[in-house]
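As the structure is a prediction and not an experimental result, all values here were calculated from the model. All values below were derived from every heavy atom in this structure, side-chain atoms included, with hydrogens, water molecules and symmetry-related copies excluded. In what follows, every chain begins at residue 1, and chains take the letters A, B, ... in the order their sequences are listed.
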2 protein chains.
Amino acid sequence: MASKNSGKTRSVTMADVAKEAGVSRQLVSLVVRNTGYVAPEKRELVVEAMQRLGYQRNTLAANLAAKQTNTIGLAIFDLHNQVYAEFADGILEVIEPAGYKLLVSVTRKESAADRTTVESLVGLRVDGILVATHFGADGRNLSQALANTPAVTLGEVADEPNIGAISGNDSLGGKLATEHLIKQGHQQIAYIAAPITHQNADRHRGYLSALEDHGLAELVFSGDASEAGGKTAFDLAMTTTPRPTAFFCYNDATAFGVLSCARERGLRVPEDLAVVGYDNTTPAGYPGVDLTSVDQRAHEMGQLAAQALLERIRDQDAPLEQQSLAPELVIRRSSVTPN
Amino acid sequence: MASKNSGKTRSVTMADVAKEAGVSRQLVSLVVRNTGYVAPEKRELVVEAMQRLGYQRNTLAANLAAKQTNTIGLAIFDLHNQVYAEFADGILEVIEPAGYKLLVSVTRKESAADRTTVESLVGLRVDGILVATHFGADGRNLSQALANTPAVTLGEVADEPNIGAISGNDSLGGKLATEHLIKQGHQQIAYIAAPITHQNADRHRGYLSALEDHGLAELVFSGDASEAGGKTAFDLAMTTTPRPTAFFCYNDATAFGVLSCARERGLRVPEDLAVVGYDNTTPAGYPGVDLTSVDQRAHEMGQLAAQALLERIRDQDAPLEQQSLAPELVIRRSSVTPN
DNA sequence: CTGAAAGCGCTAACAA
DNA sequence: TTGTTAGCGCTTTCAG
């Protein structure tokens with residue numbers, strides 16, 4: 001007896017509040033929803049009753065009945081990566097004023113559960129989902145998981161009908177970064193790649209295109225878009241000949257991994273090794289880090305994606321937003337050859 | 001006509017799946033919940049029907065009916081702060097194997113909506129809540145917002161009956177940090193304070209106690225527990241006499257703000273200024289940053305808190321967990337006086 | 001395995 | 001303003 005939910009005390013319901021306040025259930029509903037006209041004294045009565053009883057509305061029931069949750073879901077990959085914080089900031093600025101709440105669903109990167117993340121949000125029937133998690137190259141998976149929930153991807157393009165996307169021009173970003181390194185005099189420039197996504201493919205492509213323009217050969221090492229991934233890839237790179245003298249990394253997280261390893265090996269940045277990241281996260285600018293990084297304007301992307309999503313929620317037939325922001329290379333010490 | 005939810009297509013229900021598969025609704029429910037015995041062929045039938053129809057269970061309805069969500073809520077303050085990522089990692093390691101999902105509710109720090117964050121989780125009827133947000137000194141607010149939802153606070157003690165807490169020994173941490181700075185020869189040691197919480201009060205107390213032991217006077221400047229707060233406080237500190245030569249900061253985020261400002265003013269760390277943070281977040285260890293920081297073992301705290309919470313969910317009468325972890329000072333370059 | 005019935009706590013529409 | 005009546009999509013229990 002009593003294995004689960006042993007002592008679960010039945011929670012206070014609207015009916016309880018109504019009785020306590022001596023009014024009808026509907027009246028309570030009205031004041032809770034802050035809708036329609038309620039006489040001040042009655043409202044007062046209800047509010048007091050709610051406080052006495054410690055009433056908390058059951059959003060589950062409310063949402064189920066209303067078929068609407070006033071909540072936006074954000075699916076992300078790794079809480080450690082600061083880009084997501086930038087995204088979230090931008091998103092909140094847009095949705096909070098519009099009366100929406102934000103719910104974040106996180107994957108542990110090991111569990112590769114991108115799908116789960118979105119599905120759990122869909123299950124909760126959030127009004128819309130912002131997908132900032134890596135979904136591999138397989139957009140179909142995303143579409144399936146979404147099951148018609150309005151969605152906009154962030155950073156990554158979705159190439160599925162009916163899904164919006166606010167992305168950066170990643171191939172341009174890759175090209176800018178690589179050209180910068182070439183201009184600094186590097187010939188052996190490595191790309192630290194991440195899992196197979198459009199973002200990765202595009203950054204890679206930009207890198208290649210810059211190399212080709214200058215007749216240089218590519219050197220690619222794969223990690224997993226995290227600091228640990230950067231370390232792995234770096235260690236690999238150090239065993240090869242010719243050894244790279246410059247690293248263009250898939251993102252800042254990866255670059256931080258590279259920086260750490262470089263120090264462990266006694267390599268100085270930028271004297272012995274130039275490093276460029278992507279995302280221009282806050283830590284990239286910390287004194288002493290000074291990581292050159294491609295800024296894809298994550299904050300702005302968050303805002304735009306949120307706007308696009310709200311648009312789509314209001315009108316399912318609104319035109320599909322497919323914006324792309326131009327990236328900007330922020331040059332710091334980590335990549336500048338001293339003279 | 002049609003202002004909201006204009007094109008909202010009715011979503012696929014269990015009944016639809018049952019009809020499609022030619023079985024009863026209960027059978028569908030069984031396979032969805034993965035409960036009881038279902039004949040393999042029948043299961044196959046159902047699964048296929050679900051895929052054909054793109055069925056996604058309505059978790060709202062399921063949770064409402066089952067009075068259980070298999071979800072743990074995490075209330076946090078600021079996605080930018082890496083401690084929360086550490087917390088989350090530890091939490092996930094414990095709850096995922098136990099079959100729980102994690103939902104994160106974030107506040108924008110400006111909106112001071114600690115309460116909202118918890119309330120929105122309570123509304124969703126998550127099975128338990130981990131509170132890692134700053135709740136001011138007012139535990140009553142928390143209790144009210146929780147409305148009997150099992151909860152454990154992370155980092156902060158709750159001093160409310162019925163709320164568990166896994167915290168660090170913050171006054172010890174403050175003392176360790178300050179004593180270290182004293183040992184480095186500093187006399188003017190500032191504390192960069194954060195909003196009124198137990199954590200802040202305790203770290204402050206530890207700082208004071210160390211100062212008193214050595215007959216030093218306190219210098220306190222207040223920020224808001226973020227990078228921006230650190231900057232504000234630092235600027236303030238720079239206008240006072242005597243000017244501090246060392247800073248013990250409420251947390252790493254604050255410390256990063258201080259480090260940035262210091263550089264802007266051309267002050268070298270640690271030559272002109274020693275800095276110590278709290279939390280020992282990942283960026284503190286980045287090459288070039290090398291921030292001395294008190295490690296409160298956030299990852300472990302996350303695990304313990306999750307365990308305590310699960311315990312409490314299983315049995316409402318389980319003894320209240322009130323653990324405190326001993327912090328450890330991780331000394332790096334930022335605080336060591338060169339000789 | 002199926003069918004029937006009750007209920008979770010709320011919203012929504014309408015009549016009184 | 002208040003009742004009344006439905007119903008949201010699912011779980012749970014019990015009999016068959």
Novice: Over how many whole Å does the gap from A:Leu27 atom CG to D:dG3 atom P extend?
Specialist: 9 Å

Novice: Whole Å only: how far is the CG atom of A:Leu64 from the P atom of D:dA6?
Specialist: 19 Å

Novice: I need a per-nucleotide contact map over nucleotides 10-16 of chain C, read 5' to 3'. Cutoff is protein heavy atoms under 4.0 Å; write B for the base, S for backbone only, - otherwise.
Specialist: BBS----

Novice: So, using side-chain hydrogen bond (donor to acceptor under 3.5 Å, both in side chains) as the criterion, who are the partners of A:Ser167 when residues are at least two apart?
Specialist: none

Novice: At a heavy-atom distance below 4.0 Å, what parts of residues 40-49 of chain A sit against DNA chain C?
Specialist: none

Novice: Calculate the interatomic distance between A:Leu60 atom CG and D:dT11 atom C1'; express it in whole Å.
Specialist: 13 Å

Novice: Can you name the side-chain hydrogen bond (donor to acceptor under 3.5 Å, both in side chains) partners of B:Thr149, sequence neighbours left out?
Specialist: none

Novice: Name all residues meeting the salt bridge (Lys or Arg N to Asp or Glu O under 4.0 Å) criterion together with B:Glu300; count only those two or more places apart in sequence or in a different chain, and write none if there are none.
Specialist: B:Arg297

Novice: The criterion is side-chain hydrogen bond (donor to acceptor under 3.5 Å, both in side chains); which residues satisfy it with A:Arg312, sequence neighbours excluded?
Specialist: A:Asn162

Novice: Taking side-chain hydrogen bond (donor to acceptor under 3.5 Å, both in side chains) as the definition, give me every residue that meets it alongside A:Glu311, ordered by chain and number, with sequence neighbours left out.
Specialist: none

Novice: Could you list the donor-acceptor pairs under 3.5 angstrom formed between side-chain atoms of residues 49-65 of chain A and any protein atom two or more places apart in sequence or on another chain?
Specialist:
residue	atom	partner	partner atom	Å
A:Arg52	NE	A:Glu20	OE2	2.5
A:Arg52	NH2	A:Glu20	OE2	3.2
A:Gln56	NE2	B:Ala145	O	3.2
A:Asn58	OD1	A:Leu60	N	2.9
A:Asn58	OD1	A:Ala61	N	3.1
A:Thr59	OG1	B:Gly123	O	3.1
A:Asn63	ND2	A:Thr59	O	3.2

Novice: Tell me which donor-acceptor pairs under 3.5 Å the side chains of residues 26-36 of chain A have, and how far apart each pair is, sequence neighbours excluded?
Specialist:
residue	atom	partner	partner atom	Å
A:Ser29	OG	A:Arg33	NE	3.0
A:Ser29	OG	A:Arg33	NH2	3.0
A:Arg33	NE	A:Ser29	O	3.4
A:Thr35	OG1	A:Arg33	O	3.1

Novice: Indicate yes or no for a side-chain donor-acceptor contact from A:Thr71 to the backbone of A:Thr69 under 3.5 Å, with no hydrogens or angles considered.
Specialist: yes

Novice: OP1 or OP2 of D:dT12 less than 4.0 angstrom from a side-chain nitrogen or oxygen of B:Lys67, does that happen here?
Specialist: no

